[in-house]
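Data block below; observations after.
It should be emphasised that the depicted structure is a prediction, and the values quoted were computed from it without experimental measurement. Atoms within each ligand, like the ligands themselves, are counted from 1 in listed order.
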Amino acid sequence: MYTLGIDIGSTTSKAVILENGKKIVVHVVVPLGTGTVGPVRALAEIFEQSGISREQIAYTIATGYGRLICAEADEQSSELSCHAKGIHLLLPQADTVIDIGGQDAKALKLSPLGRLLAFQMNDKCAAGTGRFLDVMARVLNVPIEQLGPLSAASKQPAKISNTCTVFAESEVISQLSAQVPLADIAAGIHNSVAKRVAGMALRLGHPTCLAMSGGVALNSGVVRAMEKEMGCPILVDPLCQSAGAIGAAVLAYEKLLQAKERR
Ligand code: ADP
């Protein structure tokens, strides 16, 4: 039985087809978020890549910022419960997840069965989100995928004292004109994000086993800086950006099972 999960984020659209609630058959990430053609493109790509037709999908759940305008979905679900389910499928040993997306950051505490026990969230300010990193990468004229590898060469991370994206941008421009090495500025940017997000995550207590999800988990510089701030290693699955969509597909499967049991 196939279920479909769609996560329509602020920056990207993700879709996942799951077989029997466990096996990831195919996943796609389109770099266009809510209010764009991203969701339509993600669905077109997932059917084309998998060879599975819409009629073969038993149930579809949408999550993310754009979930309410997804006509394909049978149901919508909150990002928090979908992320919890998705991470539990990818990394069942994790008891804490830090998810950093394009426009928000969340920390989730999970039970051993992957139930959401508690959470902290920042969706009010771009600082500590992918948006902050995207703005800074643009100022440095470095592709976002290169920011992590670039910062690995830093010997003396620059200090970014402003958390506000607008002020931090001016600070980075000043450092560029003072000829601070790019690697040090990149490392300073990652430290700034890590400090802010770790401050929020530690309100849930110290993790036993910490994982990161969301597109920012693909940034090795942020992961390194977060490990330092949190004082523990961080697990990152290659499918970390699709955790919400995976969780939505898991939830879709569980809903079908529950409906069957009621019959
Ligand atoms: P949302 O769900 O809010 O749309 P995502 O979880 O997809 O956001 O995360 C988007 C963010 O992930 C981008 O703002 C960017 O900073 C970061 N990102 C995406 N791909 C990469 C990559 N290959 N390397 C580093 N960072 C990335």
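Atom 12 (O) of ligand 1 has its nearest heavy-atom neighbour, among G38, G215, A137, S213, in G215.
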Inset, instruction - I would like to know whether E171 and K159 meet salt bridge (charged side-chain N to carboxylate O under 4.0 Å, His left out); could you show each step before the answer? - result: CA-CA 9 Å; E171 217 178 334; K159 214 168 147 33; over 6 Å; no
Inset, instruction - Could you please spell out the steps behind the side-chain contact (heavy atoms from CB on, under 4.5 Å) verdict for E79 and R67? - result: CA-CA 9 Å; E79 286 167 83; R67 65 181 179 271; 4.1 Å; yes
Legend entry - Worked check of side-chain hydrogen bond (donor to acceptor under 3.5 Å, both in side chains) between S154 and S151: CA-CA 5 Å; S154 167; S151 67; over 6 Å; no
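Remark: ligand 1 atoms within the under-4.0 Å shell around heavy atoms of G130 are 14 (O), 16 (O). Listed by number with element, the atoms of ligand 1 under 4.0 angstrom from any heavy atom of G214 are 6 (O). Ligand 1 places these atoms under 4.0 Å from at least one heavy atom of G102: 1 (P), 3 (O), 5 (P), 8 (O), 9 (O), 10 (C), 14 (O). Of all atoms in ligand 1, numbered sequentially from 1 with element shown, those under 4.0 Å from a heavy atom of G9 are 1 (P), 2 (O), 4 (O).
Within the 4.5 Å cutoff, the side chain of L251 has heavy atoms near those of the C82 side chain.
Geometrically, ligand 1 and D7 share no nitrogen or oxygen pair separated by less than 3.5 Å. Polar contact check, E145 against ligand 1: no nitrogen or oxygen pair lies under 3.5 Å apart. In terms of N/O distances under 3.5 Å, ligand 1 is not approached by Y65. For ligand 1, the polar-atom distance check against T12 finds a nitrogen or oxygen pair separated by under 3.5 Å.
The protein heavy atom nearest to atom 11 (C) of ligand 1 is V216 CG2, 4.0 Å. Summary of contacts: the protein heavy atom closest to atom 2 (O) of ligand 1 is K14 NZ, 2.7 Å. Among protein heavy atoms, the minimum distance from atom 15 (C) of ligand 1 is reached at D134 OD1, 3.2 Å. Considering only non-hydrogen protein atoms, atom 25 (C) of ligand 1 sits nearest to I144 O, 3.7 Å. Nearest protein neighbour of atom 22 (C) of ligand 1, counting heavy atoms only, is L218 CB, 3.8 Å.
Atom CG of D104 and atom CZ of R131 lie 13.5 Å apart (nearest 0.5 Å). To the nearest 0.5 Å, atoms CD (Q175) and CG (L140) are separated by 9.5 Å.
In this structure, K109 pairs ionically with D95, as a charged nitrogen and a carboxylate oxygen lie closer than 4.0 Å.
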For residues 228-238, which side-chain donor-acceptor pairs fall under 3.5 Å, sequence neighbours excluded?
from	atom 1	to	atom 2	distance (Å)
D237	OD1	L239	N	2.7

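For the side chain to side chain donor-acceptor pair (under 3.5 Å) with Y59, the qualifying choice from E254, K255, E75 is E75, the only one to do so.
Closest heavy-atom contact between I61 and S77: CG2-CB, 3.7 Å.
For the ligand labelled ligand 1, residue G64 lies outside the 4.0 Å heavy-atom shell.
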